[in-house]
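First up is the structure itself, then whatever we jot down about it.
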Number of protein chains: 2
Amino acid sequence: MSQVSPIIHKTRTQLVVEVLREKILSGEIKAGEPLRQSALASELNVSRIPVREALLQLEAEGLVKFEAHKGATATELSVEQASELFELRALIEPDLLAKSIPNLTEKQLDAAEEVLSQLESAFRSENAVNTWSELNTLYHASLYYGANRPQAMEVVKSLNTNSDRYIRLQLLLTGGIPRAETEHRELLNLCKAGNVEAATELLRNHILHAKDGVKTLVEEYVNNQN
Amino acid sequence: MSQVSPIIHKTRTQLVVEVLREKILSGEIKAGEPLRQSALASELNVSRIPVREALLQLEAEGLVKFEAHKGATATELSVEQASELFELRALIEPDLLAKSIPNLTEKQLDAAEEVLSQLESAFRSENAVNTWSELNTLYHASLYYGANRPQAMEVVKSLNTNSDRYIRLQLLLTGGIPRAETEHRELLNLCKAGNVEAATELLRNHILHAKDGVKTLVEEYVNNQN
DNA sequence: TGAGCCTTTTTTGTATACAAATTACAACAT
DNA sequence: ATGTTGTAATTTGTATACAAAAAAGGCTCA
């Protein structure tokens, strides 16, 4: 008969992962801050088991450092890490894009267009800082679907999650969104035109621009943390 | 007084991770095989808690698929995954090498040389199949230390772990070690000479050769699995 | 004052116990 | 036979309890 919408039973572990991830990305949990299992457990009304499992998953994502018998902390931010993250993205993402463009369907391009317009409205409305960041990642990903590269996508996803901390910090400090916003629209046009060469080059520079922006701001921030 | 060698207390979770990882890489646990928590727990004389945590970590490494309420299984092998893994490595590793070569110290080069000779003896002695695989990964990594790119190294490490399953399968099926063994020595020479261009190109081809070798063999294997 | 050692406290690691979800299976109806 | 429904068995998810390690505090002795 008709498709029965399946009830998704999220485990407590998954819920804790989501809560903690958001808190770390948003900066509510600061870099270096210890994450006490019992404290989090009672705060979130679960036992320590799902908290531990969540912390392990977040460690795999690179947001948490988990030391045996010592405890977990939110990983530290550094200019070096930020640079490396963006440079790695600048290497991998253009490659993905190049492989994707020839295979992108109309449907996929429309989906990207849709995300892009949401991104642009988030850009105009000032306070939509955290949604902008999310949409930004989603927009990038939506251009790579044609590549059919699940492993690479996973790597990029992880790199993006970590970049997100820096981007949100930047948005927080500058109070706004990077000026390089027009590049997104241009990128989509190049993809539609099937201009692989120009699109990958633009993407590469786009990511490296983002790196430069983040770099200078994080530099001050990290210094002023002492 | 004298340096007291610190007793490393490995947690049970860590031990379980190591045991299971080796079993999956070696093929003792076959692709798709379900990993029952209680069975593993009693087999390894621990409770289910460290087993669960180990399975979660192995999921992050890409060796295990963990589905809520359904259980964990060793991830499936596929030609597509193998190809993608090696192609990603062919993208990232040469970049790492290029950044590394100008900064490689004598000491680091000597260390690489040392690993290489071990690799070569493992190559000659037939049955040292699993140590060869390990040394191979280590040798590659040892050439990248100069790059000072911890994040990229982590990504490469993960890709290598997954490649390892395919390489070991290949070694198992062919009963020997790839013929491209001489390339390793040549690569080290180019690194010593500081010839970035030639070294990265050789490395790229080296990885893509490995890909081709694995690909054809895995193709048959996966087909014959039914 | 401060360095070392012991005790206490806190925190993590893991076993056990129970709850909840999934799967296997038997009885039944078609 | 095939498919369906309800029940039992299996398996996973999580709370609780206890063991072990690390950190904090206090004591002694130079």
Side-chain angles (χ1 to χ4, degrees), chain A residues 1-21 23-24 29-61 63-76, chain B residues 1-21 23-24 29-61 63-76:
Chain A
M1 237 204 71
S2 71
Q3 173 81 4
V4 178
S5 76
I7 303 161
I8 302 295
H9 272 285
K10 275 193 186 167
T11 64
R12 292 177 206 276
T13 298
Q14 289 172 295
L15 290 172
V16 176
V17 166
E18 286 168 21
V19 170
L20 291 184
R21 185 193 291 122
K23 285 195 181 189
I24 293 173
I29 292 174
K30 286 198 280 288
E33 188 174 326
L35 302 162
R36 301 275 164 233
Q37 296 172 11
S38 329
L40 293 171
S42 57
E43 186 184 326
L44 302 172
N45 271 299
V46 296
S47 79
R48 274 174 51 223
I49 299 290
V51 171
R52 279 182 65 82
E53 295 190 352
L55 290 173
L56 283 170
Q57 284 191 229
L58 291 168
E59 175 175 53
E61 289 181 23
L63 298 179
V64 161
K65 188 172 73 175
F66 197 114
E67 286 177 300
H69 301 290
K70 299 267 183 80
T73 54
T75 49
E76 297 282 358
Chain B
M1 235 205 71
S2 70
Q3 172 80 4
V4 178
S5 74
I7 302 162
I8 302 295
H9 270 285
K10 276 193 185 166
T11 64
R12 292 174 206 276
T13 298
Q14 289 171 295
L15 291 172
V16 176
V17 166
E18 285 168 22
V19 170
L20 291 183
R21 185 194 291 123
K23 285 195 182 190
I24 293 173
I29 291 176
K30 287 198 279 289
E33 189 174 326
L35 301 162
R36 301 276 163 232
Q37 296 173 11
S38 329
L40 293 171
S42 57
E43 187 184 325
L44 302 171
N45 272 299
V46 296
S47 78
R48 275 174 51 224
I49 299 289
V51 172
R52 280 182 65 81
E53 295 190 351
L55 290 173
L56 284 170
Q57 282 192 230
L58 291 168
E59 175 174 53
E61 289 181 23
L63 299 179
V64 160
K65 187 172 74 177
F66 198 113
E67 287 177 297
H69 300 291
K70 299 269 182 79
T73 54
T75 49
E76 297 282 358

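Naming convention: chains lettered A, B, ... in sequence-line order (proteins, then strands); numbering from 1 in each chain.
Judged by closest nucleotide on DNA chain D, Ser38(B) is the one of Ser38(B) and Val46(A) placed further toward the 5' end. Toward the 5′ end of DNA chain C lies the nearest nucleotide of Gly71(A), the other residue of the pair Gly71(A) and Ile49(A) mapping further downstream. If Phe66(A) and Ala68(B) are placed on DNA chain C by their nearest nucleotide, the residue sitting closer to the 5' end is Phe66(A).
Side-chain nitrogen and oxygen atoms of Arg12(A) include none within less than 4.0 Å of the OP1 or OP2 phosphate oxygen of dG13(D). Regarding contacts with the backbone of dG13(D), a side-chain N or O of Gln37(B) is found under 4.0 angstrom from either OP1 or OP2. Proximity of Thr13(B) to the phosphate of dT14(C): a side-chain N or O atom is located under 4.0 Å from OP1 or OP2. Taking 4.0 angstrom as the limit, Arg36(A) places none of its side-chain polar atoms (N or O) nearer than this to OP1 or OP2 of dT10(C).
For Lys70(B) and dT23(C), the NZ to C1' distance is 10 Å, given to the nearest whole Å. The distance from atom CZ of Arg52(B) to atom C1' of dG13(C) is 15 Å, rounded to the nearest whole Å. Atom NZ in Lys65(B) sits about 16 Å away from atom C1' in dT12(D), given to the nearest Å. With rounding to whole Å, Leu35(B) atom CG is found 17 Å from dG13(D) atom C1'. The interatomic distance linking Leu40(B) (CG) with dT14(C) (P) rounds to 16 Å, in whole Å. With rounding to whole Å, Gln14(A) atom CD is found 13 Å from dA21(C) atom P. The CG atom of Leu15(B) sits 9 Å away from the P atom of dT14(C) (whole-angstrom rounding). Atom pair Leu56(A):CG and dT14(C):P shows a separation of 11 Å (rounding to whole Å applied).
Residue Thr11(B) places its side chain closer to dT14(C) than to any other of dT14(C), dA15(D), dT12(D). Residue Ser47(A) places its side chain closer to dT16(D) than to any other of dT16(D), dG13(C), dG13(D).
Of the residues Arg36(A), Lys23(A), Arg48(A), the one that meets the salt bridge (Lys or Arg N to Asp or Glu O under 4.0 Å) test with Glu43(A) is Lys23(A).
To the nearest 0.5 Å, atom CD of residue Glu53(A) and atom CZ of residue Phe66(B) are 6.5 Å apart. Taking CD of Gln37(B) as the start and CD1 of Ile49(B) as the end, the distance is 8.5 Å to the nearest 0.5 Å.
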Report task. Evaluate side-chain contact (heavy atoms from CB on, under 4.5 Å) for Leu63(B) paired with Leu20(B), printing each intermediate quantity in order. Result -> CA-CA 9 Å; Leu63(B) 299 179; Leu20(B) 291 183; over 6 Å; no
**Report entry** Stepwise side-chain contact (heavy atoms from CB on, under 4.5 Å) check, Leu40(B) with Val16(B)
**Finding:** CA-CA 9 Å; Leu40(B) 293 171; Val16(B) 176; over 6 Å; no
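Nucleic acid contact class of Arg48(A) (heavy atoms, under 4.0 Å, all strands): base.
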